Amino acid sequence: MPELPEVETSIRGLSQLINTTIIKIEVHTVKLRYPIPKNIYKILKGTTIIDIKRIGKYILIYLKKNLLLVIHLGMSGRLRILKKNIYKKEKHDHFVLINDKDYLIIFNDPRKFGFIDFSAINLILKRDYILKLGIDALDSKLKPSYLFSKISKSVVPIKQILLDQKIIAGIGNIYASEILYDAKISPLVRGKDLTIEDLQLLIGSIRKILKKAINAGGSTLKDYVSTDGTVGNFQYSFKVYNKSGEKIMGHPIKKIIQYGRSTFYCPAIQKK
DNA sequence: CTATCCACCTGGCGGC
DNA sequence: TGCCGCCAGGTGGATA
């Protein structure tokens, strides 16, 4: 579900919990993508939240005692924040963190592709899933020269390259299609066929689309809502995603399958 | 190494 | 209504 804009919306919601202390942890489902370690109660109890950040689609919650808590929302995960007295357990609420102000952080994930991880900061930062990440899609360090060095020999189509978190972290299947439409670049173009100028344009579209989506509170397709329960609106701004058969400026939108995932684009407009 | 496919898991939707 | 197959926002492991 959640791509960079939805994760960003989530951490903005979570930021109200900075300087509160986790006093209780409830685990209802151990078996997520990675099992929740049994020492979660011992490690997290009594820790204070210092800062909340994001790399790509990973939520990073910095805690006192030099600890780092990582949450990934997978395909269908979401976090909500609720006052204790109004919380009613819902299906797929897998774990709950309770703080000293009587607020709950609830992790809900029907498909269980998400996970939680925690340890000393230096150990987390050495995890494979962190080390492998490329430059965050909204990081100013993302430059055409960087992209060019990564893909100028690649025969992989640009749509697939955009999804490769080792190159750029944060873009998922929806925004990849939307970004390529905005840049007027065909999803089928090979990495090696894109010039520095193309990549400059592409990076412009990455920033533009992701920022617009964040400002709209993300996209709500099935069930995504932000931590306070409000829905995102960016799905109403989709130009091509899930719009095969419709026309845009008189030209039909097409759906193709690349690497087992749907891509939507307008061949007449996305020429390069 | 790279490129490709598939499993992981649950639910919603369209077709019959 | 009910059942069935297909599809879904992500990622890492297996395979060639």
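Chain A is the first sequence line, chain B the second, and so forth, proteins listed ahead of strands; every chain is numbered from 1. For clarity, every value in this text was computed on a predicted model and none was experimentally measured.
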Enquirer: By the 4.0 Å heavy-atom rule, please label A:Y129 as base, sugar-phosphate, or nothing.
Expert: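 Answer is sugar-phosphate: A:Y129 comes under 4.0 Å of backbone atoms only.
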Enquirer: Is any side-chain nitrogen or oxygen of A:Q165 closer than 4.0 Å to OP1 or OP2 of C:dT11?
Expert: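 For C:dT11, OP1/OP2 do have a side-chain N/O of A:Q165 under 4.0 Å.
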Enquirer: Please work out if A:F115 contacts a base, only the sugar-phosphate, or nothing of the nucleic acid, heavy-atom cut-off 4.0 Å.
Expert: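 No contact.
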Enquirer: For A:K89, does the NZ atom have more than 12 heavy-atom neighbours from other residues, nucleotides or ligands under 6.0 Å away?
Expert: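 Check passes, neighbour count above 12.
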Enquirer: Would you check if the distance from the ring center of A:Y129 to the ring center of A:Y34 is below 6.0 Å?
Expert: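 No; A:Y34 has its ring centre 6.0 Å or more from that of A:Y129.
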Enquirer: Can we say A:E26 and A:K24 salt-bridge, meaning some charged N sits less than 4.0 Å from an Asp/Glu carboxylate O?
Expert: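 Counted as a salt bridge, because a side-chain N and a carboxylate O are separated by less than 4.0 Å.
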Enquirer: Does NZ or CZ of A:K53 fall inside the cone over A:Y62's six-membered ring, less than 6.0 Å from its centre and within 45° of the axis?
Expert: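 Cation-pi check for A:K53 and A:Y62: passes.
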Enquirer: A:F234 and A:Y175: aromatic ring centres closer than 6.0 Å?
Expert: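 Centroid distance A:F234-A:Y175: below 6.0 Å, so yes.
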Enquirer: Rounded to the nearest angstrom, tell me the gap between atom CG in A:D164 and atom P in B:dA3.
Expert: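 So the two atoms are 9 Å apart, to the nearest Å.
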Enquirer: Ignoring backbone atoms, establish whether A:K57 has a side-chain N or O less than 4.0 Å from OP1 or OP2 of C:dT11.
Expert: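 A:K57 to C:dT11 OP1/OP2: side-chain N or O found under 4.0 Å.
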Enquirer: Could you tell me the separation between the CD atom of A:E3 and the P atom of C:dG9, rounded to a whole number of Å?
Expert: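 To the nearest whole Å, that distance equals 8 Å.
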Enquirer: Drop me the distance from A:N39's CG to A:S119's OG, to the nearest 0.5 angstrom.
Expert: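 Going from the CG atom of A:N39 to the OG atom of A:S119 covers 8.5 Å.
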Enquirer: C:dA8 P sits how many Å from A:L163 CG, rounded?
Expert: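 Spelled out: CG on A:L163 to P on C:dA8 is 13 Å.
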Enquirer: Would you say C:dA8 has OP1 or OP2 under 4.0 Å from some side-chain N or O of A:S262?
Expert: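 Answer yes for this pair, as a side-chain N or O of A:S262 is under 4.0 Å from OP1 or OP2.
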Enquirer: Let's test this: given Watson-Crick or G-U wobble pairing with both distances under 3.5 Å, identify the partner of B:dT2.
Expert: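 Pairing partner, where one exists within any strand: C:dA16.
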Enquirer: Report the distance from atom CD1 of A:I174 to atom C1' of C:dG10, rounded to the nearest whole Å.
Expert: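 From A:I174 CD1 to C:dG10 C1': 12 Å.
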Enquirer: Watson-Crick or G-U wobble partner for B:dG12, using a 3.5 Å limit on both distances?
Expert: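 Its partner is C:dC6.
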Enquirer: Considering just the side-chain nitrogens and oxygens of A:H92, establish if one lies under 4.0 Å of OP1 or OP2 belonging to B:dC9.
Expert: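 Answer no for this pair, as no side-chain N or O of A:H92 is under 4.0 Å from OP1 or OP2.
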Enquirer: Check every atom of C:dA8, B:dT10, C:dG12 against the side chain of A:Y34 and return the nucleotide holding the closest atom.
Expert: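 Side chain of A:Y34 sits closest to C:dG12.
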Enquirer: NZ of A:K159 versus P of B:dA3: gap in Å, rounded?
Expert: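 For the pair A:K159 NZ and B:dA3 P, the rounded distance is 16 Å.
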Enquirer: Does a nitrogen or oxygen in the side chain of A:H72 sit under 4.0 Å from OP1 or OP2 of C:dG10?
Expert: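 So the side chain of A:H72 is outside the cut-off, no N or O lying under 4.0 Å from OP1 or OP2 of C:dG10.
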Enquirer: Using the C1' atom in both, what is the distance from C:dG9 to B:dA3, to the nearest Å?
Expert: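 It works out to 24 Å between them.
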Enquirer: Quick check for you: to the nearest 0.5 Å, what is the distance between A:F107 atom CZ and A:R80 atom CZ?
Expert: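 A:F107 CZ to A:R80 CZ: 11.5 Å, rounded to 0.5 Å.
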Enquirer: For A:K159 and A:N173: C-alpha separation, side-chain torsions, deciding distance, then whether side-chain contact (heavy atoms from CB on, under 4.5 Å) applies.
Expert: CA-CA 9 Å; A:K159 159 71 173 355; A:N173 203 45; 2.8 Å; yes
Enquirer: A:I151 CD1 to B:dA3 C1': how many Å, rounded?
Expert: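 In whole Å, B:dA3 C1' lies 16 Å from A:I151 CD1.
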Enquirer: Of the options C:dC7, C:dG12, C:dG9, whose atoms approach the side-chain atoms of A:K255 most closely?
Expert: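 Minimum distance to the A:K255 side chain belongs to C:dC7.
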Enquirer: Would you mind telling me which residue lines up with the more 5' stretch of DNA chain B, A:K166 or A:G260, judged by nearest nucleotide?
Expert: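 By nearest-heavy-atom nucleotide position, the 5'-most residue is A:K166.
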Enquirer: What does the list of N/O pairs under 3.5 Å between the protein and nucleotides 6-8 of chain B look like, with a distance for each?
Expert:
none

Enquirer: Take A:H94 and A:K112 through the test side-chain contact (heavy atoms from CB on, under 4.5 Å) and record every step on the way to the result.
Expert: CA-CA 9 Å; A:H94 301 312; A:K112 301 186 198 169; 3.7 Å; yes
Enquirer: Taking CD1 from A:I59 and P from C:dG10, how many angstroms apart are they, rounded to a whole number?
Expert: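 For the pair A:I59 CD1 and C:dG10 P, the rounded distance is 14 Å.
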Enquirer: Which nucleotide in the set B:dG11, C:dG12, B:dT4 lies at the smallest distance from any side-chain heavy atom of A:P110?
Expert: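 Looking only at heavy atoms from C-beta outward on A:P110, the closest nucleotide is B:dG11.
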Enquirer: Output yes when at least one side-chain N/O atom of A:R261 is less than 4.0 Å from OP1 or OP2 of B:dC5, else no.
Expert: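 No, no such contact exists.
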Enquirer: Counting side-chain heavy atoms from CB outward, which of C:dG10, B:dT10, C:dA8 is closest to A:K112?
Expert: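 Looking only at heavy atoms from C-beta outward on A:K112, the closest nucleotide is B:dT10.
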Enquirer: Output the rounded distance in Å from CZ (A:F238) to P (C:dA8).
Expert: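 Result: 13 Å.
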